[in-house]
Structures are given as structure tokens and as C-alpha cells.
Amino acid sequence: MFAFFLSSGLFLGWSLGANDASNVFGTAVGSKMIRFKTAAICCSIFIILGAVLSGAGASHTLTKLGSVNAITGAFIVAFAAALSVYLMTRMRFPVSTSQAIVGAIIGWNIFSGSVTDTNSLTKIVLTWVACPTLAAVFAVILYKIVVFIIHHFNIHMFRLDLMTRWGLLLVGAFGSYSLGANNIANVMGVFIPVSPFTDISIFGVFNLSSAQQLFFLGGVAIAVGVLTYSRRVMETVGEGIMKLSPVAAFAVVSAHSLVLFLFASQGLERFLTSHGLPAIPLVPVSSSQAIVGAVIGIGLLKGGRGIRWRTLGGITSGWVITPIIAGVFSLFLLFFLQNVFHQNTYQPMTYKLTPAAMARIKEAGISTQHLVGLADKDFDTAVQFSKEFNKRVKINSMQRDFILSSAEIDKLKITRAAINKVNTVWISPEQLNALEKLKGRSFEHKWQLVQALGDETPAWHFSQNDRNHNDELSNRLANLYSILRQ
Amino acid sequence: MEFTILKRRLDIGKQIDDFLDQVSESGLLFKHGVSDYLKGNQSAFSEKIEHMVDVEHQGDALRRSLEEQLYIQTLIPESRGDVLELLEAMDALLDRFKGALYRFDIEQPEIHPEFHEGFKELINHVVEAVEAMVRSSRAFFKKISGVADHMHKVSYWETESDKVSTRLQRAIFNKDDLHLSQKMQLRDFVMHVDKIADRAEDVSDKLSIYVIKRSL
């Protein structure tokens, strides 16, 4: 059944491959610098590598934006996004898969009454402006450097030709890797919270987490999209906005790849934060936006005469329309599936300010004085609940998220049968031991379980600065919740 | 001849250099050949013709091999058309030198000693124009910013050869002891040679467009 629902994610992956691979290799193939076959194979391999090896970074933001908590919902979200990407591609607009999926998730949030994490949303929307701008700046700088080098060293036309080919292939591979790393979150991100996969270890050398297995599948779907459908788009994309020389194409693809990499690299984020610098948010950005930004950067550098502004206008209006269409599709399809086929597209969440929750909120320094009136009342959706407490207290979005997570009811019970179901591969003996000790206990809130486990052993503690550890722990816990849920 | 080309598996940049060497050599051969003809040194003249035929063959073979490689290996897709046109045009200059030398051999025109200097001067200017064109072409492949310097010289030598050509034609027709048929034959020779400089300038005009198109 999971395989069926995953199919919409694979469809999204396929359309992403068909559409976005052209951003990476379009100019190179369009200008006949690289053969389609070479481009497609190189692109496929590196997309899969990027997805599996560094896909985790950007997916985090997306999971935070909206935790689609039922597989049918995830199916519809991915399907709505895929459908809008497919339709826009048919209309020949280089659309953004990121925007489509964000629109679709918001559609799900509205439908299920979940609160959209404004913090993540702002982050994502800001990158829709930052990504093309940054790509334009990078493209101009890179182009200037490359042209300087060519003029300075008087490179022979044929040597330059050879170097440009290799350069395009190299940055294309890098771009594919970054595309896989950054955009796999769009394709598979919504399935992470509902994935039935458990970690597998290959000969004890590699350990593939359940998310990585999902990412691998998504990567393969993207690769199939590249191999089967990207040719036409690749061969026509080069001249969409303006005609590029191979050297300019090199600068454009490099800039695009760099931008995608920046927004997906956990390593860079760690480096920046460890040196006290402001970190770049790890967000799935649009490769189409990056490429269009880079091309415009080069166009403006050359005086802006070569730019086809009309085409550009069409593309940008496509960027505004895409998330809206995806959101509408998502809402409509969810409504349809829920009411016509009686499928659960979301798991109803109840919120209740239990005494324990109140105590936790108070401990965090949020005044509970005005919340007393809401104590022990059940709320069916996050929207309803937050509306109520917003009437009473003035709080920021972080405090709101804290109250929501404190009050979220999730009845969990640690039984012998449940403990037996826990996969011992992905849980340490220490962690398992802590679980055993809590046998027989029930919890109303997830955070209570986390607290109780943490009291038993530090192995269940979240770290202050190790994001990888925290991500892994979150995944383990998410798995645990689904096992312990009554 | 093609065998030698195959034997020398040179890289394509070197082949283009070789091809341009042939064009340049054809100009020098033409200059020396006519000089030998004017001196009446028939054996040296015939030797130059033979050499010229050789050079032309080599040039053709190189051009064909280059064209083939450019297409088969889909090299320089952006400038391929331009490069092919340039190679053809340069080859045409080489052919014209050969044709002119052959014409001397076939028609054996009687050139009065008082025109010798004029002819030598004209040929010198024409060869200089083609030389400048060869240098422009080399710069087009190696150092695009240097193309303009050489192209300017092509125009200069073309204008100079026009001047000499006009002067020479006037002198020919002012000479009373020549038959009209002789005058017309000599005029044709002058014009034929002068045309080579004109063609060089045409190629140079095309090249200036290729340079703009090749802007990075």
C-alpha cells in the first residue's frame, strides 16, 4: 500500500527530472557542447548520489513546514505538486518544484487545520528572492573571472573548447549532485514522517537510514525522468531567455550549482555556525529560479539587450501562480479523497492544556495566567486551538509552536509487544534499556515520553549543537511514536 | 599526400597552424615565382610552380581533414560554421596564388622591363595583405584581442595595392609601343593579382564579424 502512495512522489520525482535536469545540462546540450546521452547519464548518477548522501539537510525545513501525518495526505500533496509541475511544464514554463510542494503542503495544512510554521515559510519564501539574486551575483562574478583568465592566458580556441566541455560536464555533475541533495526534499520530504522503512545496514559498512532509502527511490525516479523526458526540454532551454555562449553557460551552470549547494550543505552550515557566522538556511530552493537568475545576471552584465523580457515575464508570473495552483489542487484533491472515498488524509490531532502541559509552558517562561480558561478543554485542530489562545495572550511564533507541541495529545503506551516491535538495528542497547525500564507506562504527550527516556539515559538527549545527531534522534522518536501509538 | 596527414596525427590546433603556414607559403612562392619569371629564369619558375602545386595539395588535404574533425568530433559548435568559412576563404586565397602563377606559365606574358618594378611592388603589397590576413586568422584562434591589429594592416596593404594597380594600369595604357591586345593582357594580369588583395580584405571583413560573434 505504501508503494502505491509513494507513486505520486515518484511521479513528482519524474517530472522534476524531466524539468530540472534541463537547468543543469540544458545549455550544454542545447549548444551541442555535450551529447545528451553523456549529460543524462552523468546527471542521473550524481542526482542519486546527492539525494542519498546529502539529502537530509533541506528536507528538515520542509518537514517542519507541515508534518503531513497520514500517507494518503502525503500522496495527495505530492500528487498535487507533481500535477502542477507537469501542467506548467506542458505550458513551457520552467517551474519550481519547491514552490509547487510548498503550495501543496500549505493546502494540506489548511485542510487539516494544522498551523503553517510561519518561520519555515518565511525562510522558504525569502529564498525565492534570495536564490535568483544570489545566482545572478555568482554568475556575474564567475563570468568575469573566467573571461579574465581566458584573455590573460590567451587560450587557444580548441583548448578553450575542450576546457569548456570538461568544465560544463564537471559543474553539471556538481549541479546534479546539488540538485539531488537540495530538491530530493521536495520529492520525498512529505513521506519521511510516514515512511515504514527501517534502517538497513549493507555488509555492516554502510548504514542506510529510512530517509536515505526513500531518497534513493526518489533519486532513481528523478533519474528516470532525466533519461526519458528531459531531452526535448534540454534541447530547447538554452535559448529561452537569451542566447548564451558556452563560456557564459559555464558561468551560469556553476552559479546555479553553487547556490543549490549552499542551500543544501549541512557541512557548510556547521562550518559557519561553528565560526560564529550567520548560517544559510537549509531550504529546498528552485533550480529553475537559480538558473533564470544566473542567466539574467549575465544578460544584465552584457547590457541587457539580449534578454527576452516577455519570456522572462511569463516565467516569473509562473512562479507566482505555481504555489497557488498547487495549493488549490491539493485542497481540492484532499477534499475529494476525504469526502468521496472516505480516506483519512490526515490524522486528527487533539490539543489539550493538561496540567502537565501547563506546567511545561510555565516552566518555559510563558505566562499561563490567561490560558487557565482553556485548561482541560479539547481542541480538534491546531488552528482552532491557536485561535483561542491568540485571543488571550500575545506571543511570538516560537512560543506558539512551543505551546502547540506541549498541548498536542498523542496517547503512547510502552508495552512488551511494542518493545518487541522496535528494531534493534537502529536503536542502541542503552536506548533500548531505557525503554525497557519504562515498560507499562503511558504518556499523554510526546514530550513526556522524550523527557522520561531522557531521565533514564543521556542517549535519548538532544544535543546542543550536533544537528545530525538531533535529526537522527527525531527520526528514531518519530518511528517510536508510531509503534507506541494506541 | 593524405597519407602524410594521417601519419602526422597532430592535434587540431597544430593542423590549423599548418594550414595557415601553407597559405602564407603560397604567397611567398608566388612572389618568388613571379620574380623568377621576370628574370627569365624558367627552370626556377617551374620549380616554384611545382612547389606551389604541392603546397596547394597539402592545404586542401589539411582543410578537408580539419572540416571532417570539426564535424565528427562536434568541436567548437558555436564557431564551427565561421571557422569552416574562414578556412575555405583562406584556401581560396591559396588557390588564387596558384592560379595566378599558372596563368604566367600558360600565357607567358611579355612584360616590359619598365613595368617590372611596378609588378614586383604590386605583388609585394598583395602578399603583405595576405600575410596580415594569415596573422589575423592565427590571432582569431589564439589571441582574439589581437585580431584587430592585424586586420587593420590587411586594409592598409589592400589600399596600397589598389594604388599601385591603378598606377601600373595607367602606365601600361600610356605606353605607345604596345599593341592593344598586349595592353589588355597585362591589365588583366594586374587586375588578377590585385584581386587577391581584395579577396583578402573580404575575408578580413568576415573575420571581424566572426570576432564579434565569438565574444565570450
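Residue numbering restarts at 1 for every chain, and letters A, B, ... go by the order of the sequence lines.
- A:R35 does not touch chain B: none of its heavy atoms, backbone or side chain, sits under 4.5 Å away.
- With values rounded to the nearest 0.5 angstrom, A:D161 atom CG is found 9.0 Å from B:I12 atom CD1.
- Contact record, A:L244 with B:E78: O-OE1, 4.1 Å, taken as the closest heavy-atom pair.
- Residues B:I16 and A:M157 are not in side-chain contact: their nearest non-hydrogen atoms beyond the backbone lie 4.5 Å or more apart.
- Contact detail for B:I76 and A:R165: the closest heavy-atom pair is N-NH2, 3.5 Å.
- Close approach to chain A, defined as a heavy atom under 4.5 Å from one of its heavy atoms, is seen in B:F140, B:F141, B:K142, B:K143, B:I144 of residues 135-155 of chain B, taken by number.
- For B:E25, there are no salt bridge (charged side-chain N to carboxylate O under 4.0 Å, His left out) partners, not counting sequence neighbours.
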